[in-house]
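Worksheet: the structure to be examined is printed underneath.
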Amino acid sequence: MLRRGRFERAMDPLASEYISSMDADARIFYSVVQVNLAHIIMLAERRIITEQDAAAILRALYELHERGVEGLDLRPELEDIHMAVEEFVIKATSEEVGGKLNTAKSRNDQVATAIRLTLRKGLFDVEERLLELVGALVALAEKNTDVIMPGYTHLQVAQPTTFAHWLTAHASAILRDVERIERAYDAANSCPMGACALAGTSFSIDRMRVAHMLGFKRIDENAMDAISSRDFALESMSSLAIAMVNLSRLAEELMLWGSAEFDMIELPEEFAATSSIMPQKKNPVVAELARAKAGRVFGNLSGALAVMKALPQSYNLDLQDLTPSLWNSVDETRDSAGVMAKLICAIEPNRETMRKRAEGGFAAATELADTLVRKVGLAFRDAHAIVGKMVARATNEGRGPGELNIEDLQAASKEVLNKEVHLKPEELKEALDLDKCIAVRDLPGGPAPKAVQGQLKTLKQDVKNHAKLMHARRRAITKAEMKLLKEARRRSR
Ligand code: ARG
């Protein structure tokens, strides 16, 4: 259909298969139909085409919308869905009428617009799952504010914290992912239609009207930029990549804590698989794949950056090849967040082991040094050296943290300061008490149950607010869609 003017011969079948985006285009089907509906309504309003022609075209488009993508012939010779839609409309009307569909538009502005329409909804779905995950982390944290676990730095026991504090740390990070995705949504929420191939058109179209019918906030103004830029997609892909960093870190820790070596959580059977040869195995396959999918989503971003980096203005077919990576990033992130949310709901902490691991690692050492500062008036650096010596002395003698004693303190202080430093036995005991260590860390953001409850309260409110914003945006878009379809219906009668 397209080639009959410029060319005499059909495209080589291998070449046409190679350049076609038909397979990936099914994803944008409804968006493409919507863009066409809005465009035709605008053309009629501006008297660029007659009401009658518009009615016939709208009837065909509406029918196509009803039939869904199955209503289209997607053979690759047509190149892409934009041509398939045009062909459908021409067949349903006539060459003369349907041939007007592409007046004052191009596939370039159409595809850029359709991607944004589809992406907006995809981002809602991702956001929804991420909010579910934050909700699941918060709910589990609420039940475990008093469950002591070791906090690690360098994967070595560092200081005591709680399971709830650890869960809240992940929830806080994932909430920022939600915020980033909302910003990426804003970047995608502007309309390229009217940019045509790259330089707009001499027809007196109304770009704003089309943008509004499609529920966009604004037009993507510069026509050349509108059709040739995909930084809105890069923003989405990078916010999705960062979300996968956070999901993957969570997955990694779940695998560690669930291993027999740490044994701090019980991995739910429903999210594990076994081995075909080793009958004892309980493999954390869901978390493993979430970790792997992160790699894919990063790959999508770096691939897309590479596609864009040397593209001259304006449209190049390279852009077509970026779109499937965008959808893959949306899908993988949405599905990873969804399954991780369910997995988190099913997790049980092993309280005793968690506490044992914290005790075994001298997690209270910092608190003991702080106690020496407060009770004895030592400089922190001296207290730090003394406690270090105490730990070394006990370790050398094969004693654990519960067995640090006053003699250790005296010997260590003599060695470090050349004088004996005194604490009452009960002061030493209190400093080493993990529950006390936690209880006194009640500053904002700290692990004390009260402090964590405060963080959880804020997080719950945040989840509510973001869900509210997301639903309001979704509603506005659905409303625009319904209105557009209704208007198309009305005009096609
Ligand atoms: N299939 C193309 C894409 O996905 C649509 C635009 C094609 N434009 C063109 N001038 N060949 O980007």
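Below, all heavy atoms of this structure are taken into account, side chains as well, without hydrogens, waters or symmetry copies. Numbers here simply count residues along the sequence, with the first being 1.
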- Tyr152 vs Trp257, ring pair (Phe, Tyr, Trp, His ring centres under 6.0 Å): CA-CA, chis, key distance, verdict: CA-CA 12 Å; Tyr152 293 87; Trp257 302 168; 5.3 Å; yes
- Message: Are the side chains of Met255 and Glu288 in contact, using a 4.5 Å heavy-atom criterion?
- Response: yes
- What class does the angle between the rings of Tyr62 and His65 fall in, given that below 30° is parallel, 30 to 60° is tilted and above 60° is perpendicular? tilted
- What one should report as the nearest heavy-atom pair of Thr353 and Phe262 is CG2-O, 3.6 Å
- Message: By the definition salt bridge (charged side-chain N to carboxylate O under 4.0 Å, His left out), identify the one residue from Arg475, Lys486, Lys121, Arg120 that meets it with Glu481.
- Response: Lys121
- Would you say the side-chain atoms of Asn328 pair up with the backbone N or O of Pro324, donor to acceptor, closer than 3.5 Å? no
- Message: Assess whether a salt bridge exists between Asp462 and Lys457, defined as any Lys/Arg side-chain N lying under 4.0 Å from an Asp/Glu carboxylate O.
- Response: no
- Task: Using a strict cut-off of less than 4.0 Å between a Lys/Arg side-chain nitrogen and an Asp/Glu carboxylate oxygen, indicate whether Arg351 and Asp146 qualify as a salt bridge.
- Result: yes
- Are Glu128 and Arg474 within salt-bridge range, i.e. N to O under 4.0 Å? yes
- Item | Main-chain N/O of Leu234 paired to Asp231 side chain as donor or acceptor, under 3.5 Å | no
- Query: Are any of the side-chain nitrogens in Asp442 or Lys450 under 4.0 Å away from the carboxylate oxygens of its partner?
  - Reply: no
- Message: Using a 6.0 Å cut-off, check whether atom NE2 of His212 has over 12 heavy atoms from anything other than its own residue.
- Response: yes
- Item | Salt-bridge criterion met for Glu266 and Lys282 (N-O under 4.0 Å) | yes
- Task: Please say which of Ile115, Val32, Val69, Asp331 ends up in a side-chain contact (heavy atoms from CB on, under 4.5 Å) with Arg27.
- Result: Asp331
- Can you find a pair of side-chain heavy atoms, one from His39 and one from Met193, that are under 4.5 Å apart? yes
- Heavy-atom pair of closest approach, residues Ala448 and Ala439: CB-O, 3.7 Å
- Salt-bridge present (Glu426, Lys424; N to O < 4.0 Å): no
- Query: Does Tyr185 have Arg116 sitting over its ring (NZ/CZ under 6.0 Å from centre, angle to axis within 45°)?
  - Reply: no
- Task: Considering non-hydrogen atoms only, spot the tightest contact between Gln34 and Leu214 and give its length.
- Result: O-CD2, 3.7 Å
- Pairwise side-chain contact, Asp177 with Ser239, heavy-atom cut-off 4.5 Å (strictly under): no
- Please determine if Asp408 and Arg399 form a salt bridge, counting it only when a charged side-chain N lies under 4.0 Å from a carboxylate O. yes
- Could you tell me the separation between the CE atom of Met264 and the NZ atom of Lys356, rounded to the nearest 0.5 Å? 11.5 Å
- Query: Between Arg355 and Glu352, is there a salt bridge with N-O shorter than 4.0 Å?
  - Reply: no
